[in-house]
4 protein chains.
Amino acid sequence: MAPAKPRSPNWVTRRQAIVDTSARIFAKSGYHGTGIAELCDANELGKGALYHYIGSKEELLAAIHDRVMDEVIRSAERVEQAGGTPRQRLTMAGDELLDIIARYPDHVWVFLHEFPALTGDRAAQFRKRRREYERSIEAIIAAGIKSGEFRKANPRLITLAWLGMHNYTYLWLKPEGKFTAHDVAKQFATVFIDGIATDHGAE
Amino acid sequence: MAPAKPRSPNWVTRRQAIVDTSARIFAKSGYHGTGIAELCDANELGKGALYHYIGSKEELLAAIHDRVMDEVIRSAERVEQAGGTPRQRLTMAGDELLDIIARYPDHVWVFLHEFPALTGDRAAQFRKRRREYERSIEAIIAAGIKSGEFRKANPRLITLAWLGMHNYTYLWLKPEGKFTAHDVAKQFATVFIDGIATDHGAE
Amino acid sequence: MAPAKPRSPNWVTRRQAIVDTSARIFAKSGYHGTGIAELCDANELGKGALYHYIGSKEELLAAIHDRVMDEVIRSAERVEQAGGTPRQRLTMAGDELLDIIARYPDHVWVFLHEFPALTGDRAAQFRKRRREYERSIEAIIAAGIKSGEFRKANPRLITLAWLGMHNYTYLWLKPEGKFTAHDVAKQFATVFIDGIATDHGAE
Amino acid sequence: MAPAKPRSPNWVTRRQAIVDTSARIFAKSGYHGTGIAELCDANELGKGALYHYIGSKEELLAAIHDRVMDEVIRSAERVEQAGGTPRQRLTMAGDELLDIIARYPDHVWVFLHEFPALTGDRAAQFRKRRREYERSIEAIIAAGIKSGEFRKANPRLITLAWLGMHNYTYLWLKPEGKFTAHDVAKQFATVFIDGIATDHGAE
DNA sequence: TATGAATGAGTCTTCATTCAT
DNA sequence: AATGAATGAAGACTCATTCAT
């Protein structure tokens, strides 16, 4: 791969804006269902000018993915650095995850719906980072089982349950919605952790 | 809408086979990413003949949706007819749902990824049935809360958690996979119902 | 490469006509200078229908190349089978070559001007066959030198001189032109073979 | 046409360098196959700056043509001034021509491949100078026939043979190649002039 | 002199669909 | 029932060129 050529701060700012705007459009009409012309309209740019910023449609899609993935990976790092019991760490991870989902509803929609549209290296890179995050969750759960805090079960399966419960909120969790991310996270943590715990804090 | 033309049994059988085969292709390449030519190849049919059976690409997509939705709605009816405590009914619902997901992995993938591609009446009809199913789950949960079996919480939120946990399995639950649908369902039920229950069966 | 799917005789005929018509357009405006739209006009076909026959613009270009290359290779085979002295064989080769150039002026123009536009396997295949032909000429010249009929010289260099003299006629040799291919070939043979011969038949 | 604006010596020097560098790129990728961006890269200049020097892409192409044509025309003048027998003049013309082809392989490639891309006045001007050169060769040959040095033949046809033999070397004659321009020219002269001569120097 | 953002017509190609056979 | 030729709008993307800075 040729090294990405250096760009002016103006260019970088503008590109970021385009990535965010386009995420909204992709979330509404789907990646394949959105034409370049539609993106041009939304970004108030001619085709040539748009391509000046995005390189290609798929590169734009990858940028949207990265925008979320960067945050998700960073949240996993914060959780790891924060330490605490598995219960505390899983609670924090859920809180951070739902916060991202609520703050980037469009990006996350794209992320969870359109990842099969990534190809080649971009797809590989994306899968790698996704797996990395999932493993960080699985590590917490495995630790909890090992310590006896969580009941004996297949950690991968429990992880998948947790991920499903949390990720699936992308369909309805919105910044201006009925539930706040933090409230939902708290309730989910209660349900899920009580469900897997050996002692039940609530009682 | 014009009443559906009566068709020969042969036609119906062949159409069903085409719907199933096409689900596989859509799951692999996406609805927009799949061309009619590819469907023709997969079904070993010329374009004219294919259209003889499918009417249009979107009608084919709708048929794939219906194939799953019919099963899902029917499972909800079975659950209702079976009766029992909320705990029992929720367990059964999860078992049936995962069974469908495992038996129709391609259809379900399409169902959960490509529903935004449906337009007009077809989209409305689909949303209506989907909501209907979700309400049947919510009713069980609300009943459990009312009866005191489940702890006090927003039933909609709990429903969404349950749906996320179960629906999300479409990403990894396969007929030939490591976990059977029934096993997964049992474990999910344990976790989830323990998580929301007021008394904990495990203790 | 996937095996070319079988085509109806109608399709094959029509395709051949398209190849020939398009050669004329490419010869006039150049390969890169000709748009698909222009080809559609010339062939009285819509874009979709044109692609039904050509596969891609470059495949069309390759078909034009093949049309000539097939003839050229066949002419080399005829020369070989005809036998005779090097002088006779070289004369015959020139006669056959100019005949092809005169009969396919457009194809040959494309062949000699646009071969760098071929890529990948097609380019390799083309270079291979071209070299094959050049070697058949070089073999004749080398035989003449060895037998003493032609004077001592670098056979490759003499071959290149011969090829230049003959190929370059594509710029002016036309079926309806001032000179016939056969006349030109006869005069070229006289000049060239006298130029390299050790005895001069004319005297 | 407006009179060419007067330019600083710096500008002229830089432009010449750009013309030569661009010839290399055009020779590699073709005129239509080369984008302005590629020329900018090769010349290490932004688009605006490049246009400051070249005016337009076609003007750049014309400059490449002129670079060669100027030399070719000048060589014809030198041949004329040098005088001598037709045989001597033709030998000298071949030597000069191959020298140019070997020294400007890229320019000549462009010259011989891309001249159809010139339009309007530029195309007319180019054709005029090209014809001028060809006539100077034809004049030598006609003189040789008239004087009896060359055998009776259509001078135009003999000229075309000579031009083909020499011009066609652009495909393989390179400064660092196996054959030097001077050697090739000498051998070509021997072959060609012996081929058309009435007496044969070799005997 | 030089930059690079912007234009918008143009590139080749694919699309879902129709229809005569 | 089935074929495959035809349509023409739309697909993503590149082009040569201009111009404010």
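Each chain gets a letter, A, B and so on, in the order its sequence line appears, and its residues count up from 1.
- Pairs engaging residues 27-51 of chain C under the ring-ring contact (aromatic ring centres under 6.0 Å, His included) rule: C:Phe26-C:Tyr31 [sequence neighbours left out].
- Taking the salt bridge (Lys or Arg N to Asp or Glu O under 4.0 Å) definition, one finds that C:Asp66 meets it with C:Arg129, sequence neighbours left out.
- Applying the salt bridge (Lys or Arg N to Asp or Glu O under 4.0 Å) rule to A:Arg130 yields the partners A:Glu134; only residues at least two apart in sequence or on another chain are considered.
- Between the CD atom of B:Glu44 and the C1' atom of F:dA2 there is a distance of 14 Å, rounded to whole Å.
- For C:Glu71, the salt bridge (Lys or Arg N to Asp or Glu O under 4.0 Å) partners are C:Arg103, not counting sequence neighbours.
- Stem regions for DNA chain F, each three or more consecutive Watson-Crick or G-U pairs with both distances under 3.5 Å and listed by first number, read E:2-21 with F:2-21.
- By the 4.5 Å heavy-atom criterion applied to side chains, D:Lys28 and D:Trp109 are not counted as neighbours.
- Here D:His113 contributes atom NE2 and C:Leu112 contributes atom CG; the two are 8.0 Å apart, rounded to the nearest 0.5 Å.
- For C:Ser29, the side chain to side chain contact (heavy atoms under 4.5 Å, CB included) criterion is met by C:Thr34, C:Glu38, not counting sequence neighbours.
- If you check residues 6-25 of chain A against DNA chain E, the residues with a heavy atom closer than 4.0 Å are A:Trp11, A:Arg14, listed by number.
- The two residues C:Gly55 and C:Glu59 make their nearest non-hydrogen contact at CA-OE1, 3.7 Å.
- For the pair C:Arg14 and C:Trp11, the cation-pi criterion (under 6.0 Å, within 45° of the ring axis) is not fulfilled.
- Annotation: ring-ring contact (aromatic ring centres under 6.0 Å, His included) contacts of C:His107 (sequence neighbours excluded): C:Tyr104.
- Residues that satisfy the side-chain hydrogen bond (donor to acceptor under 3.5 Å, both in side chains) test with C:Asp106, not counting sequence neighbours, are absent from this structure.
- Taking C:Arg122 as the reference, C:Glu58 meet the salt bridge (Lys or Arg N to Asp or Glu O under 4.0 Å) condition, with sequence neighbours excluded.
- Within residues 45-67 of chain B, the residues that place at least one heavy atom under 4.0 Å from DNA chain E are, in residue-number order, B:Lys47, B:Gly48, B:Tyr51, B:Ser56, B:Lys57.
- Near DNA chain E, meaning a heavy atom under 4.0 Å from it, residues 29-38 of chain C has C:Thr34, C:Gly35, C:Ile36 in order of number.
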